[in-house]
Amino acid sequence: MCLALLVILLHCSSLKAREVFTINKVEIRADPSLQVPNGDALTILCIADISKSGNFTIEHHFTFFKDGRILSGITSLQNRTEHKIPAARFADTGEYVCMVKAKEKKKKSEVMLVKVTGLPKPKLTALKNMVTEGEELVLKCQVPEEAPPLTFTFHKLLTPGGPVTRTKKELEKNFTTIEIPVEPGDKILRFQCIASVYSAHGMQESAPSNVELVTVVEPFSTPALVIEPSLNVTEGDNVKLVCRVVVRNYDIEIIIQKDKVILNSTRGQNTLTYFTKVSMQDNGNYTCKVELGSVSKEKTVNMVVTELFSKPELIHSAKMIDEGDWLQLQCKVKGLLPVTKISIKTRYLGKDNLLNDSSSFITRAHVNNTATYICTAEINGIIKESDPVMINVYAPVSIPQLWIVPSVRDVILGRAIHFQCQSMYGTPPITYKFFRGNKTVNSSQIFNKLSADFRDKPTEVGVEQYSCEASNHHSHIRKRSRELNITVIAPVGKVNLISVPKREVEDGKGITFHCYVETGSLPINFKLLKRNNRKPISEDTKMDTKVIWYKESWSRQDSGEYFCEASNPTNIVQRSDVISINVILASWQKVLIALFVLVIIVILSCGGCSWYLRKKRKAKHPSIEMSGSAGVTNSAGVKLEPRQNSDGQYYPGYMDDSENHMKATDENKAPVQKGTEPVYSEIRKANNDSGENRYSKIGSCPDAT
């Protein structure tokens, strides 16, 4: 029994082990084709090619993708399935992929691009079928079958300038609305719309929509403008302008204007009238305008005015007149009719002042007659005036005055001088000319009573003569000022300081300083100063460019740094370079010091030699004593004193140091007893040696000679 069960289990496991499969390929297809007209049915097929090890069943999971997003998912035991689209739209255009998954295995198909061509015909609707001029008409265009984004284009048909187009985009809706103003003059309006769509796979545009008809109603008619008595009139005629309009109970406004000037207006009426007596200025176009909200209609006519008489002409003797000459004015008028009234006037700031009611005016000119003159003429109630004429009356200038600012007599070379020139009397504008000698430097025109300013920079030292001349539009008089003499001085240039002798001077002797300048106007003030000493050592004012100072008996306290300052009336101080002066010893002082030093050296040398000899002598005495104390005995065997001989007598060779050397020598020569001869001769020999050594040392010292 157990054996049978084991056999069955082994058989089942062997069967299960044989259920092996692999997904060879996944294929995707489009039915009927890859390009489908808009609205047709579209089927996407997905077929899995699977190899199996036996006849067993596999569950397939099909997933459809469009543009990377899951479109649908189907589970089937069959190796194929389909995704149906009953009516394909442009939104169905895209890249399709099918993925098959069986157990733990899955595979994707290749990418298939499907295009849907065309768009459904849009539907256009007008919210009103009858509108009034100036009203806003609302239109709606929609494509219910398509998905956004969509672009809608509206066309206003049969307009005089061609179709009027408006475009609007919708990103989230498949419809849109617009408002179109109804223009004056529109009668019957026709509209259409077109839908279009854009994507990465191309653009599609629909056929035009249905045509919507809209009837336009006028709120008022186009106005009529009439000029009475006619369009051609003569100056002085009375003219009436009448504007009429047909209104349907609206609160309209009527305006009559010439160019941009409003002449008359009314509201709530259908007629407007304007009266005037015409002149030449009334020539031109007149307009009657009727307005209601945004609706405006107008009518324009041209009125021609014939001149009754010409504009008067003011004839004058001259525009610029010298004071005291005759001022003559005459007003001339050309026309067919006699002049009713003629006047000559002055005008100031828009206000007229009557001179006389006559065609002529004459008077002696005075500066007060400077004014703007006009003349007026009147015929048949028409008044015309001439062109204005500006007449200036000029009083002669007075002798000008010339002065310097600020007032000085001397000026510095190279610095600008400020001059002012003024004539106290004379009619402006006054022209001033500025002269240096007879040469014109500059000129200036002054339009008031102020002075003219001039500047000049002298280039040479000396006396310069300046003058100025004044003139105006007076025909004869030019006046010149008195000459103004200006002294031009130059500041001192580079200052140089030289000393003789240079740098060093012996104590007690004198030194000469030479201070001079290279340029500068005279007189020049020279100062000799020592550094850190504010008080000048010497000071002179010279009519020369140089100065010489001599200072005698210099001492050590006079050593230091010296410089020279120079200035002239310009008050500009220039300083020389600093020179150093060192006071040294005189020649006799040097000799005296040398002698003193030599004496000191001699004294020190003698003292040194004396000290050396004493030291040497002291060094000899202990050796002699030591030789005497070595046990010298006489014949009897008795120890002798250092100054005793063998017989016990004192020998003169050993004297005290204070005794004379020559005396000791004589004593050494004294006869000695025969028994003591060896000792005496030995002592004498020692004394002789000592004397020789002593003299040899003295001889070696220069002062011992």
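The shown structure was predicted, so the numbers you read here are calculated from the model rather than taken from an experiment. The figures that follow rest on heavy atoms only: side chains count, while hydrogens, waters and symmetry mates do not.
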Go through Val182 and Leu189 one step at a time and tell me if the side-chain contact (heavy atoms from CB on, under 4.5 Å) criterion holds.
CA-CA 9 Å; Val182 180; Leu189 302 177; 4.2 Å; yes
Check step by step if salt bridge (Lys or Arg N to Asp or Glu O under 4.0 Å) holds for Lys384 and Glu307.
CA-CA 11 Å; Lys384 295 183 179 182; Glu307 190 175 43; 3.3 Å; yes
With side-chain contact (heavy atoms from CB on, under 4.5 Å) as the test, would you mind laying out the steps for Val305 and Ser279 before giving the verdict?
CA-CA 7 Å; Val305 181; Ser279 62; 6.0 Å; no
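Using a 4.0 Å cut-off between charged nitrogen and carboxylate oxygen, Glu218 and Lys187 count as a salt-bridge pair. Checked for salt-bridge contact, Glu27 and Lys25 miss the test: no charged N lies under 4.0 Å from a carboxylate O. Between Glu135 and Lys128 there is a salt bridge, since at least one side-chain N of the basic residue sits less than 4.0 Å from a carboxylate O of the acidic one.
Not one N or O on the side chain of Gln142 forms a donor-acceptor pair closer than 3.5 Å with the backbone of Phe175. Between the side chain of His61 and the main chain of Thr75, no donor-acceptor pair closer than 3.5 Å is present. In this structure, the side chain of Asn380 does not engage the main chain of Ile382 through any donor-acceptor pair within 3.5 Å. Asn264 places a side-chain N or O within donor-acceptor distance of the main-chain N or O of Thr273, the cut-off being under 3.5 Å. Using a distance-only test at 3.5 Å, with no hydrogens or angles considered, a donor-acceptor pair links the side chain of Lys105 to the main chain of Phe21. A distance-only check finds a donor-acceptor pair linking the side chain of Thr370 to the backbone of Val393 [under 3.5 Å]. Ser310 places a side-chain N or O within donor-acceptor distance of the main-chain N or O of Lys334, the cut-off being under 3.5 Å.
Taking all atoms of both residues into account, the shortest heavy-atom contact from Leu119 to Asn38 is CA-ND2, 3.7 Å. Heavy-atom minimum distance, His155 versus Thr165: ND1-OG1, 3.3 Å. Closest approach of Ser196 to Tyr198, counting heavy atoms only: OG-CE1, 3.9 Å. Considering every non-hydrogen atom in both Glu95 and Leu113, the closest pair reads CG-CD1, 4.0 Å. Closest heavy-atom contact between Glu133 and Val295: O-CG2, 2.9 Å.
At least one side-chain heavy atom of Lys332 sits under 4.5 Å from a side-chain heavy atom of Ile315.
Geometrically, Lys258 does not engage Tyr274 in a cation-pi contact, judged by NZ or CZ lying under 6.0 Å from the ring centre and within 45° of the ring axis. Geometrically, Lys351 does not engage Tyr348 in a cation-pi contact, judged by NZ or CZ lying under 6.0 Å from the ring centre and within 45° of the ring axis.
For Glu136, the CD atom is densely surrounded, since the number of other residues' heavy atoms within 6.0 Å is greater than 12.
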